[in-house]
Engineer: 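If you scroll down you'll find the structure; I have some questions about it.
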Amino acid sequence: MNDDFSKKGYLIVRKAFTTKVLLEAQKNTISYINDKKRISGKNNYEKFSRVVNNLKTKEFDFVKPIFEKLFLSGVLDKILLDKKLFSNLSSLLGRDLSYAYDVSLTLNRKNKNSNKKNYLFKDWHQEIWSGANMSSVQIWTPLFQKNHKNGQMELIVGSHRWGHIPHKNRRPISLPPKYKTIKLDLKYGDVVLFSSLLLHRSVKTEFPRLALTLLIKNFKYKNDSFEENRNWKIFSISEITKIQRFLGNHYLSPYRLMDIEDDINTGILPNKKR
């Protein structure tokens with residue numbers, strides 16, 4: 001698995017988290033929508049698409065409170081800590097993990113006004129252009145979609161080995177004459193993990209789609225980028241970090257959390273006079 005990631009620059013994890021967690025994410029989204037305006041529909045996607053097709057606000061203003069609701073409800077942690085996804089993340093990065101607490105939802109929809117540009121329909125780009133560290137991993141997974149064949153993201157296989165691509169105005173200045181691409185077809189619960197150096201772009205969709213895209217890092221790794229300008233939420237710590245938290249400070253104060261007499265009486269410490 002790790003070898004596949006290092007060669008291709010990405011890893012697709014099928015059924016990375018459960019339907020139960022997905023439905024909880026959808027339920028929280030629909031709950032927010034219904035708080036604003038009661039909406040009807042046969043299922044969650046129909047309710048979602050009816051709102052998005054008549055959206056009067058900017059995409060960012062629409063997704064921001066939804067992301068905050070998913071964060072506060074604990075759904076984001078549940079997705080990342082679901083057994084299969086967490087196993088793949090910790091295998092790549094270790095167990096000291098955090099995610100960037102930015103508004104990490106992307107709303108894609110067909111523009112009724114062709115002159116209006118949707119910022120989320122981007123050209124080829126690397127996440128490091130936005131300040132990500134090359135040791136971080138980006139994840140992407142659909143939360144609402146018509147189907148998995150209706151356009152998601154396109155990746156340039158192996159482009160993470162090209163280094164930092166020269167660019168201007170959020171577009172690459174030049175690319176190799178030949179390269180291999182892959183278009184994602186993720187079903188609900190599937191997740192793609194990819195390097196912050198991997199070139200990728202949005203594929204336009206005829207139907208509304210809401211996806212979760214989070215930047216994940218090992219918070220113990222040395223940071224050589226602008227990632228520290230973001231807010232981060234720790235969602236997993238290693239056994240070594242648990243010991244460090246218990247000790248409390250790097251001076252390793254002796255017996256900081258011990259009541260010596262009680263510990264001697266209970267046998268935790270030997271009753272030895274010096």
Side-chain angles (χ1 to χ4, degrees), residues 13 16-18 21-33 35-36 48 57-83 85-90 92-108 119-120 122 125-144 153 170 189 191-198 200 202 209-238 241-242 244-245:
V13 184
F17 59 96
T18 63
V21 177
L22 170 71
L23 291 176
E24 189 172 348
Q26 291 186 346
K27 180 180 177 181
N28 275 274
T29 303
I30 298 301
S31 173
Y32 163 74
I33 292 173
D35 282 345
K36 299 298 179 183
F48 166 78
T57 62
K58 294 180 180 179
E59 285 86 0
F60 179 85
D61 294 334
F62 176 72
V63 301
K64 184 176 184 291
I66 296 175
F67 179 80
E68 291 171 347
K69 189 173 182 67
L70 294 178
F71 172 78
L72 293 173
S73 66
V75 171
L76 300 183
D77 285 46
K78 288 181 181 180
I79 290 175
L80 296 171
L81 291 171
D82 217 323
K83 187 175 180 180
L85 179 55
F86 179 72
S87 175
N88 282 272
L89 284 170
S90 59
L92 288 172
L93 295 170
R95 297 177 71 91
D96 289 312
L97 299 175
S98 60
Y99 61 85
Y101 178 61
D102 302 324
V103 179
S104 300
L105 290 174
T106 58
L107 176 65
N108 293 97
Y119 169 74
L120 296 174
K122 299 179 183 178
H125 63 283
Q126 298 172 302
E127 291 303 314
I128 58 169
W129 294 1
S130 301
N133 189 3
M134 67 168 292
S135 297
S136 298
V137 170
Q138 189 83 15
I139 73 166
W140 190 96
T141 187
L143 297 182
F144 288 90
M153 276 205 310
R170 297 173 180 164
V191 177
V192 62
L193 291 66
F194 59 95
S195 165
S196 60
L197 286 163
L198 190 77
H200 58 286
S202 304
R209 181 184 66 241
L210 185 71
L212 174 67
T213 171
L214 289 172
L215 188 65
I216 314 292
K217 73 172 182 177
N218 185 313
F219 58 85
K220 293 293 185 72
Y221 286 1
K222 179 182 178 182
N223 194 299
D224 54 5
S225 69
F226 284 174
E227 278 188 350
E228 296 310 308
N229 294 333
R230 304 180 180 186
N231 294 318
W232 292 87
K233 165 67 165 59
I234 293 175
F235 66 93
S236 172
I237 59 174
S238 67
T241 301
K242 288 179 183 178
Q244 292 174 346
R245 284 192 170 187

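Residue numbers count from 1 along this sequence.
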Engineer: Over all heavy atoms of both residues, which pair between Leu22 and Pro142 is shortest? Give the atoms and the distance, please.
Structural biologist: CD1-O, 4.2 Å
Engineer: Nearest 0.5 Å please: distance from the CD atom of Glu228 over to the CZ atom of Phe219.
Structural biologist: 11.5 Å
Engineer: Looking at every non-hydrogen atom in both residues, tell me the closest pair between Asp61 and Pro65 and how far apart they are.
Structural biologist: O-CD, 3.2 Å
Engineer: Taking C-beta and beyond as the side chain, do Thr106 and Trp140 meet within less than 4.5 Å on heavy atoms?
Structural biologist: yes
Engineer: Not counting sequence neighbours, which residues clear salt bridge (charged side-chain N to carboxylate O under 4.0 Å, His left out) with Lys64? List them please.
Structural biologist: Glu68
Engineer: Starting at CG of Asn133, measure out to CG of Leu197 and round the result to the nearest 0.5 Å.
Structural biologist: 9.5 Å
Engineer: For Glu24, give me all partners under salt bridge (charged side-chain N to carboxylate O under 4.0 Å, His left out), at least two apart in sequence or on another chain.
Structural biologist: Lys78
Engineer: Who pairs with Ser73 by side-chain hydrogen bond (donor to acceptor under 3.5 Å, both in side chains), at least two apart in sequence or on another chain?
Structural biologist: none
Engineer: Could you tell me which non-hydrogen atom of Ser98 sits nearest to which non-hydrogen atom of Ile234, and how far apart they are?
Structural biologist: CB-CA, 3.7 Å
Engineer: May I ask you to test the Gln26-Leu23 pair for a side-chain heavy-atom distance under 4.5 Å?
Structural biologist: yes
Engineer: For Leu80 and Leu85, which heavy atoms make the closest approach, and how far apart are they?
Structural biologist: CA-CD2, 4.0 Å
Engineer: Please round to the nearest 0.5 Å and tell me the distance separating atom CZ of Phe144 and atom CG of Leu210.
Structural biologist: 6.5 Å
Engineer: For Glu227, which of Ser135, Ser196, Ser136 qualifies under side-chain hydrogen bond (donor to acceptor under 3.5 Å, both in side chains)?
Structural biologist: Ser136
Engineer: Does a side-chain heavy-atom distance below 4.5 Å link Val191 with Asn88?
Structural biologist: no
Engineer: With a 4.5 Å heavy-atom cut-off, do Phe235 and Ile216 have their side chains touching?
Structural biologist: yes
Engineer: Could you measure the distance from the CD1 atom of Ile139 to the CG atom of Leu212? Nearest 0.5 Å is fine.
Structural biologist: 5.5 Å
Engineer: Can a donor-acceptor pair be found, under 3.5 Å and without considering hydrogens, that links the side chain of Asp96 to the backbone of Ser238?
Structural biologist: yes
Engineer: If you define the side chain from C-beta out and look only at heavy atoms, does anything of Arg245 sit under 4.5 Å from Ile237?
Structural biologist: yes
Engineer: Take Met134 and Ser195, measure what side-chain contact (heavy atoms from CB on, under 4.5 Å) needs, and give me the verdict at the end.
Structural biologist: CA-CA 7 Å; Met134 67 168 292; Ser195 165; over 6 Å; no
Engineer: Applying side chain to side chain contact (heavy atoms under 4.5 Å, CB included), name anything that partners Val137, two or more places apart in sequence or on another chain.
Structural biologist: Phe5, Leu93, Leu193
Engineer: Would you please classify the geometry between the Phe67 ring and the Phe71 ring as parallel, tilted or perpendicular, with 30° and 60° separating the classes?
Structural biologist: parallel
Engineer: Roughly how far, to the nearest 0.5 Å, is CZ of Arg95 from NZ of Lys220?
Structural biologist: 13.0 Å
Engineer: Is the shortest heavy-atom distance from the side chain of Leu107 to the side chain of Phe48 under 4.5 Å?
Structural biologist: yes
Engineer: Please find the pair of heavy atoms, one from Tyr221 and one from Leu92, that lie closest to each other, and give the distance.
Structural biologist: OH-O, 4.3 Å
Engineer: How long is the gap from CG on Asn108 to CE on Met153, to the nearest 0.5 Å?
Structural biologist: 10.0 Å
Engineer: If the condition is ring pair (Phe, Tyr, Trp, His ring centres under 6.0 Å), which residues does Phe86 pass it with, not counting sequence neighbours?
Structural biologist: none
Engineer: Quick one: list whatever passes side chain to side chain contact (heavy atoms under 4.5 Å, CB included) with Asp102, sequence neighbours left out.
Structural biologist: Ala100, Ser104, Arg230
Engineer: Would you say the side chain of Leu143 lies within less than 4.5 Å of the side chain of Leu70, judging by non-hydrogen atoms?
Structural biologist: yes
Engineer: Looking only at heavy atoms, what is the nearest atom pair of Asp82 and Thr18, with distance?
Structural biologist: OD2-N, 2.9 Å
Engineer: Start with the C-alpha gap between Leu198 and Gln138, add the side-chain angles, then the distance that decides, and say whether side-chain contact (heavy atoms from CB on, under 4.5 Å) holds.
Structural biologist: CA-CA 10 Å; Leu198 190 77; Gln138 189 83 15; over 6 Å; no
Engineer: For the backbone of Gln126 and the side chain of His200, can you confirm whether one donor and one acceptor N or O come within less than 3.5 Å of each other?
Structural biologist: no
